[in-house]
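Contents: one structure, followed by commentary.
Naming: A, B, ... by sequence-line order, numbering from 1 per chain.
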There are 2 protein chains.
Amino acid sequence: MSDISALQAKVAAAKAALAEAQAELHIAQGRTPGVSPLAPAGFPELPAIDGVRIATGEAGVKYKNRTDVMLAVAQAGSSLAGVFTRSATRSANVRDCQAKLAGVALDQPIAILVNSGNSNAFTGERGEKDVHELCMECASVVHTVPGNVFTSSTGVIGQPLPADRIIAKMPDLVAGLAPGGFDIAARAIMTTDTYAKGASRKITLSGQTVTINGIAKGSGMIAPDMATMLVYIFTDARITPALLQAAVSACNGRSFNRITVDSDTSTSDTLLAIATNQNGPEITDENDSRFIDFAECLEGVMLDLAHQVVRDGEGATKFVSVTVTGAATPNEAQTAALAIANSPLVKTAIAGEDPNWGRIVMAIGKAGVQAERDLITIHFGDILVAENGWVSPDYREEDGAAYFKQENLDIRVDLGLGTGEVTVWTCDLTHEYISINADYRS
Amino acid sequence: MSDISALQAKVAAAKAALAEAQAELHIAQGRTPGVSPLAPAGFPELPAIDGVRIATGEAGVKYKNRTDVMLAVAQAGSSLAGVFTRSATRSANVRDCQAKLAGVALDQPIAILVNSGNSNAFTGERGEKDVHELCMECASVVHTVPGNVFTSSTGVIGQPLPADRIIAKMPDLVAGLAPGGFDIAARAIMTTDTYAKGASRKITLSGQTVTINGIAKGSGMIAPDMATMLVYIFTDARITPALLQAAVSACNGRSFNRITVDSDTSTSDTLLAIATNQNGPEITDENDSRFIDFAECLEGVMLDLAHQVVRDGEGATKFVSVTVTGAATPNEAQTAALAIANSPLVKTAIAGEDPNWGRIVMAIGKAGVQAERDLITIHFGDILVAENGWVSPDYREEDGAAYFKQENLDIRVDLGLGTGEVTVWTCDLTHEYISINADYRS
């Protein structure tokens, strides 16, 4: 038995030596240890949004020596929209947000209060009571009605939220509210994220400039077709709540609902968008070309954030676009693309830089969509890999292998049946994903 | 750059040292290196089946210095049944078997010819031609009709099958046909399997003993709800093809269709069952109690093999039963159980021996089935973990942690809604799964 203990110690030492060697290599390769190799160069410039003030604080919900609570307040007269997870076990916060969305008092300020480190999901009646108390306290200090306070909690599931610690920080948070601060907000809401995520676009509507800012968190438990992760969008545009909701819902379908890290859907997914109605022309008609322009700009912000979430996918080393065209229907395109993007065998092949296109064929086959072997075409980027029911006579394995060494991969499948098409985004499945998730709570 | 090469070499050396230390530890722990820690003690005793002869050979399809081709011949007068993958990209062999099943000439011998190392899937018209040639050649040497030859191929997808190498071995195979040999057959059909899989049961019907033997292969690309892996069942029972098919289909729904290793469904899944009609009473009526007894015995063989496949799941260190009761319908029970069993976050938590029941809540929530937070009950074995929408007041984290150190885990969820229930079986998701699949082809 002591022999086994000694050998276990030897294994632990070998693991530590490997981690050290890998860290040394990453530094030599110019990577920041502990940060996704797919991370953007830095946090982008997010200008202040007229009518929005932000503060962050250290409430000690779970993490020590870092900010873990964020408060954003939009002034009276703002429009609000949101989309939420459809999980049957969604958190008390999500249920509270959903219940309040339609009844916001537009003549009062709107507050968003977010904590990281605890998701307040599956915490029974206590979870609902905690959300209620947070909303009452927050409304009181920011001078609005409780129905205008929207909360999100993200982190471990099933543990009681120490709401008192957040409530104790409320006076400091209110005192610290200031314009701008999207970077510190993005950092305060992180959990297993390795970098803060932000995006900003400006658009000119009828000669007037409006800005759309967004921040997001998300790295694991990321799957589409329900809703999103935590995402907060702020714009100074003048747009009605109904039109803002229409734009957000449409853009969500084309951005966050098309990404997947691990096929697991969070109990906390929340996207809230606020328009402070401070700048630009008034947008009140969905046929107005300025609405189309605004929605396009919004989609750019949301797609940027969605891609950043995938690029921070737990353990990710590759950013992968999967495009399916020629499907019988758009839904079948999405089903086939997600079957490929979620397949553990496809994702591990990508991690191993192995152009194993047979696994893509397997994933198409299991998806349950219409497919005929001899009509399927597969490309890696511009490289034709398979057609007419078999590998292409021009395909050379070394071309596929060289392509798979790239950081960004583009897998394209045409089913040759109809006009359904979609692109979804995912990452690879690596040892690091296992390391992160085999002992997340310890 | 040479600095990076040196560091890469250092990482490679550290990986090798870790693998060596782990192998040493495994030997000290009594494990056989390279064999699943969940493997049974050995291959069970499978008696000869009257009317069945088996041979294996080394055709060099892909592997060297091991058997990779298996021929089984059942004498004229046998009954045949089968179930197959529903993959849209299933192999040429599977399509050929499906086309032939109904038209078998019962007054002629039936041959099953299997190779490992190449799946002959997505190999275009060439794949169909190869199957045709194998069947013609095999029929000629075993003196039957080509319609009675059933082939399976398992291994890499998309590469041409070297059928000539198998055909060259046919005379040796036929010369070597002998009673028994189920153990060598089980070894010849292995790919990434770490042990050969067999099961045998005897049953007395009207005072007469019949035997049911089965062999299987499978380790990765294992998902239920389509069909199976490669499984061959042989019995000497007297049973009509129609009743044999009824028993096989029903048992398949309760065994192979309830296991998952990685949610990926193979293009080659095939189960063939042969009854040589040599022993026992004649079973011709599905209401005959002897049919019920036979089917129960068959289910025992198939469930044993199905569990062996899970226990050889790529990288597996835990064997996990997931039972869902109280679902609104049986289908919803299956959907919820598979959502838990396929969740990467649940499976990595199990690998890390982390009783992270919040992830089970998450998986229930994403499954898309009816669920109400406050009606859900979760048990680990006999330990009550969660009820009334929250962790149970009696649950102690250290009890869950101790339970999760066991090799066999029993996760039970009651949804509190209806009478739908099911048990499915899976394994954990480990570093070893990534190692096996990130460079399978190299």
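Only the side chain of A/Ala386 comes within less than 4.5 Å of a heavy atom of chain B; its backbone N, CA, C and O stay farther away. Residue B/Ser119: no heavy atom, backbone or side chain, is found under 4.5 Å from chain A. At a 4.5 Å heavy-atom cutoff, B/Glu387 makes no contact with chain A through either its backbone or its side chain.
In terms of non-hydrogen atom pairs under 4.5 Å with chain B, the most contact-rich of A/Glu128, A/Gln370, A/Glu353, A/Glu372 is A/Glu128. In terms of heavy-atom pairs under 4.5 angstrom with chain A, the leader among B/Ile350, B/Leu429, B/Val369, B/Ile364 is B/Leu429. Note: B/Pro160 leads B/Ala19, B/Pro160, B/Ala371 in heavy-atom pairs under 4.5 Å with chain A.
No more than 12 heavy atoms of other residues, nucleotides or ligands shown are found within 6.0 angstrom of CD on B/Glu20.
A/Ile157 and B/Gly358 make their closest contact through CD1-O, 3.4 Å (heavy atoms, listed as atom of the first residue, atom of the second, distance). Of all the heavy atoms in B/Ala28 and A/Leu7, the pair that sits closest is CB-CD1, 3.4 Å. Nearest heavy atoms, A/Trp390 versus B/Gly158: NE1-O, 3.3 Å.
Taking CD1 of B/Ile434 as the reference point, atom OG1 of A/Thr430 lies at 6.5 Å (rounded to 0.5 Å).
The pair A/Arg373-B/Glu125 does not meet the salt-bridge criterion, since no charged nitrogen lies less than 4.0 angstrom from a carboxylate oxygen.
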- Query: Could you go step by step and tell me if A/Val391 and B/Phe122 meet the side chain to side chain contact (heavy atoms under 4.5 Å, CB included) rule?
  - Reply: CA-CA 8 Å; A/Val391 65; B/Phe122 216 74; over 6 Å; no
- Query: Can B/Lys15 and A/Gln22 be said to form a side chain to side chain contact (heavy atoms under 4.5 Å, CB included), step by step?
  - Reply: CA-CA 10 Å; B/Lys15 276 185 187 169; A/Gln22 280 170 331; 4.0 Å; yes
- Please assess B/Gln8 against A/Gln29 for the test side chain to side chain contact (heavy atoms under 4.5 Å, CB included), listing each intermediate value before the final yes or no. CA-CA 10 Å; B/Gln8 282 170 333; A/Gln29 286 170 333; 4.0 Å; yes
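B/Lys10 has its side chain out of reach of A/Leu25: every pair of non-hydrogen atoms, C-beta onward, lies at least 4.5 Å apart. The shortest distance between side-chain heavy atoms of A/Leu345 and B/Tyr433 falls below 4.5 Å.
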